[in-house]
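Notes follow once the structure below has been shown.
This is a predicted model, so every value here is computed, not measured.
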Amino acid sequence: MSSGRMFCGLLLWHILSGKKIQRILLNRLSPFLSRSCLFVVLHVALQAAVFGEYTWEVFVYCWELQFHILLLLLPYLLLAGNVGCFLLCSRANPGIVTKSNAASLVKVYAYDGVLFQRGLVCPTCTVEKPARSKHCSVCRTCVHRFDHHCVWVNNCIGASNAGVFLLYLLSLTATAGAVAAVTAAFLIQVLLLSNIMHGTYLDAQGQEHAVEIPFLIQHLFLTFPRIVFMLGFVILLTLVLGGYCCFSLYLALTNQTTNEWCKSRRLRGSHLPQQPHDRPLIYKNIYSKGIWRNLREIFNPPTVLERKKKT
């Protein structure tokens with residue numbers, strides 16, 4: 001009898017501890033599972049840190065070296081455009097599907113029968129899901145032409161703000177690239193003025209060597225540590241954002257969303273329930289209308305009235 005009570009007690013403790021662990025994990029993952037300003041604050045803090053260092057040191061040094069004023073002001077101009085796109089993208093309605101507009105949005109895009117099936121109802125929103133829509137578990141709403149949920153703008157990317165988001169990405173990449181270019185130009189100018197590139201140095205064994213790139217980087221890091229660290233960060237950021245921009249442009253030019261691209265990759269080699277198993281599923285993007293029309297659709301999404309005119 002005592003062993004049975006002990007077993008029940010251990011089982012109850014295991015269940016309670018499991019629930020406790022789940023609560024801890026949910027609390028830790030809450031910034032990723034619900035809308036949160038955490039990444040927005042981090043985003044603003046990183047931009048403030050970069051432009052604080054750029055203004056405090058790089059701008060002042062370049063001004064003394066008589067760099068052209070337009071070159072020095074270019075990062076600020078790009079930053080202003082990026083902040084404007086950020087505000088528009090984060091505050092815009094991405095295309096939320098509601099009970100009042102669901103019937104109209106169903107008529108905008110055709111169902112391809114592979115990624116999007118007619119007649120499906122979102123169990124959370126209890127509305128018929130239009131083609132190219134998806135329920136966002138973070139925002140807890142269905143979004144028309146859903147692309148993805150971006151934590152950096154704290155909003156979904158859908159039909160209504162996809163064009164602004166693309167401009168936000170391009171302007172952010174250009175801003176990081178401009179800061180990197182001006183900073184690199186300043187450091188190169190410092191090396192040219194110091195004439196250190198034609199000098200020599202002695203190693204630990206006392207042997208003389210011509211100055212090489214690793215020595216120049218070490219010299220610059222010891223002289224301008226914060227500037228060199230910032231330059232490395234913005235160069236890495238430019239490369240990462242540049243790759244993401246290329247991918248986003250590819251999706252825009254082929255009229256795909258990130259959600260559709262991921263789903264089409266997962267469907268390769270799979271089968272529909274009504275399809276014979278000896279025939280692999282072949283997905284075809286029915287929404288592409290040519291490069292220029294696809295690009296125009298990003299900035300001017302089709303409406304029900306436009307589709308009625310075509311039909």
Side-chain angles (χ1 to χ4, degrees), residues 39-63 65-92 94 147-158 160-189 224 226-258 261 291-292 294-300:
F39 289 94
V40 175
V41 173
L42 179 60
H43 176 208
V44 175
L46 288 175
Q47 282 192 331
V50 169
F51 273 88
E53 180 62 24
Y54 175 82
T55 304
W56 185 256
E57 292 197 272
V58 177
F59 186 92
V60 174
Y61 287 140
C62 290
W63 181 263
L65 293 175
Q66 298 182 346
F67 276 57
H68 199 285
I69 186 61
L70 291 180
L71 179 64
L72 298 180
L73 293 178
L74 179 61
Y76 296 105
L77 298 176
L78 292 172
L79 176 65
N82 177 251
V83 171
C85 293
F86 169 79
L87 293 175
L88 290 175
C89 189
S90 61
R91 297 175 65 87
D147 190 275
H148 71 287
H149 180 87
C150 180
V151 295
W152 298 105
V153 300
N154 198 24
N155 198 5
C156 282
I157 308 303
S160 301
N161 62 350
V164 179
F165 179 74
L166 183 60
L167 293 178
Y168 162 76
L169 276 181
L170 293 173
S171 60
L172 186 60
T173 306
T175 303
V179 172
V182 175
T183 306
F186 159 68
L187 294 177
I188 292 174
Q189 186 70 9
F224 308 102
R226 293 195 301 270
I227 294 179
V228 173
F229 180 80
M230 183 197 71
L231 176 60
F233 173 74
V234 292
I235 288 177
L236 178 62
L237 186 64
T238 303
L239 294 176
V240 173
L241 288 173
Y244 188 37
C245 277
C246 292
F247 175 69
S248 299
L249 282 173
Y250 162 75
L251 293 180
L253 295 176
T254 56
N255 206 333
Q256 297 183 79
T257 65
T258 304
W261 185 86
I291 292 177
W292 298 115
N294 292 341
L295 191 60
R296 185 179 64 180
E297 184 173 311
I298 295 295
F299 297 96
N300 184 26

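The distance from the OG atom of S248 to the CG atom of L253 is 10.5 Å, given to the nearest 0.5 Å. From M230, atom CE reaches atom CD of E53 across 6.0 Å, with rounding to the nearest 0.5 Å. Atom-to-atom distance recorded for Y168:OH and W152:CH2 is 8.0 Å, nearest 0.5 angstrom. One finds the CD atom of E297 at 15.5 Å from the CH2 atom of W292 (value rounded to the nearest 0.5 Å). Of the inter-residue distances, the one linking L166 atom CG with C89 atom SG reads 10.0 Å to the nearest 0.5 angstrom. Atom-to-atom distance recorded for L231:CG and L236:CG is 11.0 Å, nearest 0.5 angstrom.
Between the N155 side chain and the A92 main chain, a donor and an acceptor come within less than 3.5 Å of each other. Between the side chain of N161 and the backbone N or O of R91, no donor-acceptor pair lies under 3.5 Å. A donor-acceptor contact shorter than 3.5 Å is absent between the side chain of T55 and the backbone of G52. Without hydrogens or angle criteria, D147 side chain to T258 main chain gives a donor-acceptor distance under 3.5 Å.
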Practice item. May I have the step-by-step check of side-chain contact (heavy atoms from CB on, under 4.5 Å) for F39 and V153, ending in yes or no? Key: CA-CA 8 Å; F39 289 94; V153 300; over 6 Å; no
Check your understanding: Can you list the steps and then say if Y54 with L72 is a side-chain contact (heavy atoms from CB on, under 4.5 Å)?
Key -> CA-CA 10 Å; Y54 175 82; L72 298 180; 4.2 Å; yes
**Study point:** F165/L88 under side-chain contact (heavy atoms from CB on, under 4.5 Å): CA gap, chis, key distance, verdict
**Key:** CA-CA 9 Å; F165 179 74; L88 290 175; over 6 Å; no
Check your understanding: Does the ring pair (Phe, Tyr, Trp, His ring centres under 6.0 Å) test come out yes or no for W261 and Y250, once each step is laid out?
Key -> CA-CA 11 Å; W261 185 86; Y250 162 75; 7.7 Å; no
Practice item. For F86 and V40, run side-chain contact (heavy atoms from CB on, under 4.5 Å): C-alpha distance rounded to whole Å, both residues' side-chain angles, the deciding distance at 0.1 Å, then the answer. Key: CA-CA 10 Å; F86 169 79; V40 175; 3.7 Å; yes
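Applying the ring-ring contact (aromatic ring centres under 6.0 Å, His included) criterion to F51, with sequence neighbours excluded, gives Y76.
Shortest non-hydrogen contact noted between S171 and T175 is O-OG1, 2.6 Å. Shortest non-hydrogen contact noted between T257 and L251 is C-CD1, 4.1 Å. Listed here is the closest heavy atom pair of F186 and C62: CB-SG, 3.5 Å. The two residues A162 and I298 come nearest to each other via the heavy atoms C-CG2, 3.9 Å. Of all the heavy atoms in A174 and L78, the pair that sits closest is O-CD1, 3.4 Å.
Note on residues 228-241: no pairs pass side-chain hydrogen bond (donor to acceptor under 3.5 Å, both in side chains), not counting sequence neighbours.
Atom CD1 of I291 has 12 or fewer heavy atoms from other residues, nucleotides or ligands within 6.0 Å. When the shell of 6.0 Å around OH of Y244 is examined, it contains more than 12 heavy atoms from other residues, nucleotides or ligands.
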Would you be so kind as to tabulate the donor-acceptor pairs closer than 3.5 Å made by side chains of residues 176-185, with sequence neighbours excluded?
from	atom 1	to	atom 2	distance (Å)
T183	OG1	V179	O	2.7

